[in-house]
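We're numbering straight along the sequence, starting at 1. Given the structure is predicted, the values throughout are model-derived calculations rather than measurements. All values below come from the heavy atoms of this structure, side chains included, with hydrogens, waters and symmetry mates left out.
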Amino acid sequence: MSSNNSDKTSALHFLEEFQKTPEAWQVVHTILGDGQYTVEMKMFAAQTLRNKLTYDLHQVPEDSLSGLKDSIIQFLIQYSESNKPIRTQLSIALAKLSIQYLTWPNAVDEISSKLSQHIPTLLEFLKILPEESLDPKGTPLTDEEFRLRTEELIINNVERVLLLLSNYASSTSDSKASSLILDCLNSWIREIPVEQLLTIDPLTTIIFQSLRDEESFDKAIECLVSIVRETRDIENIQLIQALFEQIIQLRPLLQQNVDDVDVFGSLTRLFVESGESWHMLIAKAPKDFRPLVEILLECTAYEEDLDIVKYTFYFWYNLKQVVTIDRFKPAREEFLNIYTQLVHIMIKHLHYPDGSETDPLFSSKEEEEKFKDFRYDMGDVLKDCTAVIGASKALTIPYEQIRSSLNSSNVKWQDVEAPLFSLRAMAKEVSLKEKEVLPQIMELLVQLPENVKIRYAATLVLGRYTEWTAKHPEQLEKQLNYIINGFQAADADIITAASHALMYFCQDCSKLLTNYIEQLYNFYINIFGSPMVDLTSFYEITEGIAHIINAQDYSNIASATTMFIKPVLEKINGYVNAEGSEEVYKAIAEQIEIVRIFLEFIKPRDFHTPEDPVANLVIEMWPMVIGLLDHHGHSMKVSERCMKFTKTVLQTYNVFLTPILPSVANALVKGFQETRYGCYLWVSGIVIREFGDEYSSAEIKESVWNFAYQQIGTFLVVFEQAKPIDIPDLIEDFFRMMSDIIMFFVTNFVLSDILGSTFEVALLALDIEKFEPLIATLHFLIDLVSWGFDVPPISIYENVPEDVKLTVQRFVGQHGDSLLKHVLHGLIFKFPADAHPDASDLLGKTLRLSPSPQTAVNWINIALDALPQNTVSDQERNKLVTTISSALVSKDNRRIRTSLKDFVTWYSRKNITPRFQN
């Protein structure tokens, strides 16, 4: 084949189209039946046959199905010894035919009889058959037809297959044959009553024997894992106990294979499945099942591969969930020492490898990142342990380890850092009243020897226990000093940790820190603009300080706020008339974000007072924001940060900013007209939300609607001048704003002259293959259509205004065919999977709002007619139309949604999903 990519693509497209043609049936039969063709050609023919039986069986006349069945069985016999991949494709094809060929009686009997001399082929077919029977959407059958056929093929043949597998198991000692038997059995396990399966000695014997055979080991594990999983739903304790006894006898295999990561991992999967499946039994009979818990502890302690260790984590969580319930207290007591050992194991796994604190010994950056991620998973296990054994006992373990390490002559930083990490992980399970161990830990933390990794870890521990510190103010000053001293370090990670910790410290201890405001101001000014403190860290510190200002006495809030933001405002004012440059725009964005953070967390105390002191500061600084937009608003960076600032102050101070509301509206209109940046639209949505509700006066609401109408008009002009694909973010912002408009100004909008234009834009926006604008558009359309029903889509309305409801109904009646076509085609060809629920909701609502079921059927037929020719069979069309029509009459909304979903799934599988496989 040509190496040219274009040629390959063309060839692939040709093969795809060939597979869909009726002529392909005869061609593949010719290729498979003639020995002169290459293996590659035969493989393609087998794949094509499988695909034809998946999508195109309607092309075969009913009276030709028997001959098709016979030829596939003959092909299976022909290739039973020569080519396994081809045989597999043919087995899948035969399974698909047997499911859809409803008038084929005793299909499994006939196939078993004709393949009785070709055991591997028969076992492979029997393995595949149940797998193919799991998905009714992969066939044109109705749900009822599929259910009955599955019952006939699978459920009614369980006994026959069990007997066949049992006989084969009794008569073979060959590893390869055992693997085939186990593979087949594993496919049928979910159909077989597990109590029955476990009483068939040849099968249970071959499973456990195969665990000691290298070639069949993996298949035996898979089989046993499936069996254990099936025991979750049975109440036969004696049977589970017998299986449990056999499984725990496998423990020696762990030690025998400690150096074989694959085998150890597979055994761990088995023990984990057992533990998860029986965790309730373990809690009810802890002494009886303790051996399994001990085995899982051994698996968790494995050091060769931490991915294997991770298999066990969900078991420890599940068991913790049960044993921490009061009625399972005996189990909790039984496993106290297990969970105590688990703490020690987790801390051991937490250790960084040997190496300096600046250069731990990892083989690659990826390995280091994987280890760090794994540490957080281990942190969850430590939380589980803390919940079981109690906070004081859990905290004592890392505390004693740190003390012991510090007292040793050759202390390694890893031996201190790992238990520090564990202290941080345990925090959420530690009561704010804990006073046995935490005071000692806190005293120890602020005295630890200087080391980059140790200070980093200790600082983060302090940041995690700030709520506890708020209840123990005697600890506050030492911790605060330790954190602030961290800013003198030359290490960026320590400064980041200190910033993070200080933020939480200020949040949770804000009332205790109100008298420290001058000290914190001096600290804040010293680091303001410091190259050692990165911007994100400075923002975190700012947020923390804002919480302390917010906790000040009300009479001091304005002066405290002014004190902190004054130097920032002076800097910003210096940029208002400065010559524009990227450096200036960056500086403006950074500085205004600092002010915004302060204003986000310094909240008004009482909205019933005529004014708010901090809101007055906002009103005073608003002309500065206008100046920035006038001089530098053409910079997206400046516009977006100014709009983010505007959004925050509107949401925080709301009614107190009414005096500048006209100026805000003018700035938004002017900014959007001049720049066409979407940020002006998403802040417009904030204005609509904050001032369009029932608490605003009629005069303000009228002004807000006029403002919204103006923004819509500007957007429509912009949309006409651009291609939708070039402005996806702007479209997203517009329809998010439209959702606000239709919530608070539905009457104004629906009865306006821009309803039709906005709807046309929405239809065009559905063609954009980008998730966010698509979802915003779908939500707007759902909201619009929803106003055509009797019940309003939002709770602020008791009833749908009659003129709104009739207008929406009339509008959908006129445009429903176009809307349905766009959305259905989008579901089939364009929409990402995450958008399907909203698109399906819109389709369902549109059909329900149609003037009549017949109108809805006409809309569906129009949409189907617009699909590529010959891609929808009459059978599928009739099935969809009949179901929808019936569901609309009976008002079965769920059936409408599921039938549309099933059709989209079927169409995509048949016509969109690539058929050709290499």
J.: As an exercise, state the distance from OG of Ser684 to CZ of Arg736, rounded to the nearest 0.5 Å.
T.: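 Answer for the OG-CZ pair, Ser684 versus Arg736, is 15.0 Å.
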J.: Does any non-hydrogen side-chain atom of Ile794 lie less than 4.5 Å from one of Trp787?
T.: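 Yes. Closest side-chain heavy atoms under 4.5 Å.
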J.: Can a donor-acceptor pair be found between the side chains of Tyr677 and Asp729 at a distance below 3.5 Å?
T.: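 No donor-acceptor contact under 3.5 Å links the two side chains.
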J.: What are the two closest heavy atoms between Val158 and Glu191, and how far apart are they?
T.: CG2-O, 3.7 Å
J.: To the closest 0.5 Å, what do you measure between OH (Tyr55) and CH2 (Trp906)?
T.: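 Spacing of OH (Tyr55) from CH2 (Trp906) equals 11.5 Å.
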J.: Using 0.5 Å steps for rounding, measure from the NE2 atom of His836 to the CG atom of Asp841.
T.: 14.0 Å
J.: Can you confirm whether the side chains of Trp682 and Glu732 place a donor and an acceptor under 3.5 Å from each other?
T.: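 No.
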J.: If only side-chain N and O atoms count, and only distance matters, is there a donor-acceptor pair under 3.5 Å linking Ser885 with Gln854?
T.: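 On atom types as modelled, these side chains do not qualify, holding no pair under 3.5 Å.
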J.: Mind checking whether Leu774 and Glu769 have side chains closer than 4.5 Å, heavy atoms only?
T.: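 The answer is no; the side chains never approach within 4.5 Å.
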J.: For the side chain of Tyr709 and the backbone of Val704, is there at least one donor-acceptor N/O pair under 3.5 Å apart?
T.: no
J.: With a 6.0 Å cut-off on ring centres, are Phe811 and Phe759 close enough?
T.: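 Between Phe811 and Phe759, the centre distance is under 6.0 Å.
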J.: Between Ser850 and Leu847 (side chain of the first, backbone of the second, donor and acceptor by atom type, cut-off under 3.5 Å), is there such a pair?
T.: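 Flag set: sc Ser850 to bb Leu847 pair under 3.5 Å.
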J.: Does His822 reach the side chain of Asp767, with side-chain heavy atoms less than 4.5 Å apart?
T.: yes
J.: Quick one: do the Ser886 and Thr883 side chains pair a donor with an acceptor below 3.5 Å?
T.: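 No, because no side-chain N or O of Ser886 sits under 3.5 Å from a partner of the opposite role on Thr883.
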J.: One pair to check against side chain to side chain contact (heavy atoms under 4.5 Å, CB included): Leu900 and Leu880. What are the steps and the verdict?
T.: CA-CA 7 Å; Leu900 287 166; Leu880 177 63; 4.3 Å; yes
J.: Got Lys52 and Val28 here, is their nearest side-chain heavy-atom distance under 4.5 Å?
T.: no
J.: Can you check whether Phe735 reaches Leu781 side chain to side chain, under 4.5 Å on heavy atoms?
T.: no
